[in-house]
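Worksheet for the structure shown next.
Quick note: residue numbers are just sequence positions, from 1.
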Amino acid sequence: MKFLELITARLRAPMESDIEKITAICQEPEIVAFATVPSSYRREHAEAFVTEAIPHGWAATTNTRWPPESFPAGPRISQASGLGLQ
């Protein structure tokens with residue numbers, strides 16, 4: 001009987017290669033309903049997030065986001081988790 005399966009993933013800062021995926025994910029109704037993204041999210045938003053908001057946030061430790069780099073195949077939720085350091 002299987003009670004618990006530990007799944008690990010590596011975390012990293014969002015990169016320019018993530019822009020297309022971020023653009024697609026942030027157009028999903030569930031994301032728009034529960035995240036602070038514009039309802040008409042466009043590529044320009046993802047570009048600004050990756051090239052401006054993330055570097056400035058990491059420098060100030062106010063907007064640190066770590067998307068999962070890899071998960072084993074199977075059901076999963078993709079997101080960028082935030083952590084503010086104080």
Side-chain angles (χ1 to χ4, degrees):
M1 182 180 283
K2 186 175 174 181
F3 291 99
L4 175 68
E5 179 180 356
L6 179 62
I7 299 174
T8 60
R10 289 183 291 169
L11 302 175
R12 59 168 174 75
M15 303 181 301
E16 289 189 30
S17 60
D18 297 318
I19 289 174
E20 291 298 325
K21 186 173 185 176
I22 292 170
T23 302
I25 289 170
C26 289
Q27 292 179 17
E28 295 180 11
E30 294 83 6
I31 298 297
V32 174
F34 296 104
T36 54
V37 298
S39 60
S40 57
Y41 199 88
R42 297 185 311 274
R43 180 181 171 84
E44 299 84 50
H45 294 114
E47 289 172 351
F49 175 71
V50 170
T51 63
E52 297 171 24
I54 290 297
H56 294 166
W58 275 81
T61 66
T62 58
N63 186 11
T64 53
R65 298 285 185 251
W66 298 339
E69 184 173 89
S70 61
F71 273 115
R76 62 190 174 272
I77 297 173
S78 294
Q79 70 175 23
S81 298
L83 174 66
L85 303 175
Q86 297 182 2

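Side chain of Tyr41 to backbone of Ala46: a donor-acceptor contact under 3.5 angstrom is found.
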Using residues 47-54 as the side-chain source, report each donor-acceptor pair under 3.5 Å to any protein atom, sequence neighbours left out, with the distance given to one decimal.
unit_1 : atom_1 : unit_2 : atom_2 : d
Glu47  : OE2    : Arg43  : NE     : 2.7
Thr51  : OG1    : Glu47  : O      : 2.6

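Residues His45 and Cys26 fail the side-chain proximity criterion, which asks for heavy atoms closer than 4.5 Å.
Listed by chain and residue number, Arg42 satisfy the salt bridge (charged side-chain N to carboxylate O under 4.0 Å, His left out) test with Glu44 (two or more places apart in sequence, or in another chain).
When all heavy atoms are compared, the tightest approach of Gln27 to Thr23 is CG-O, 3.2 Å.
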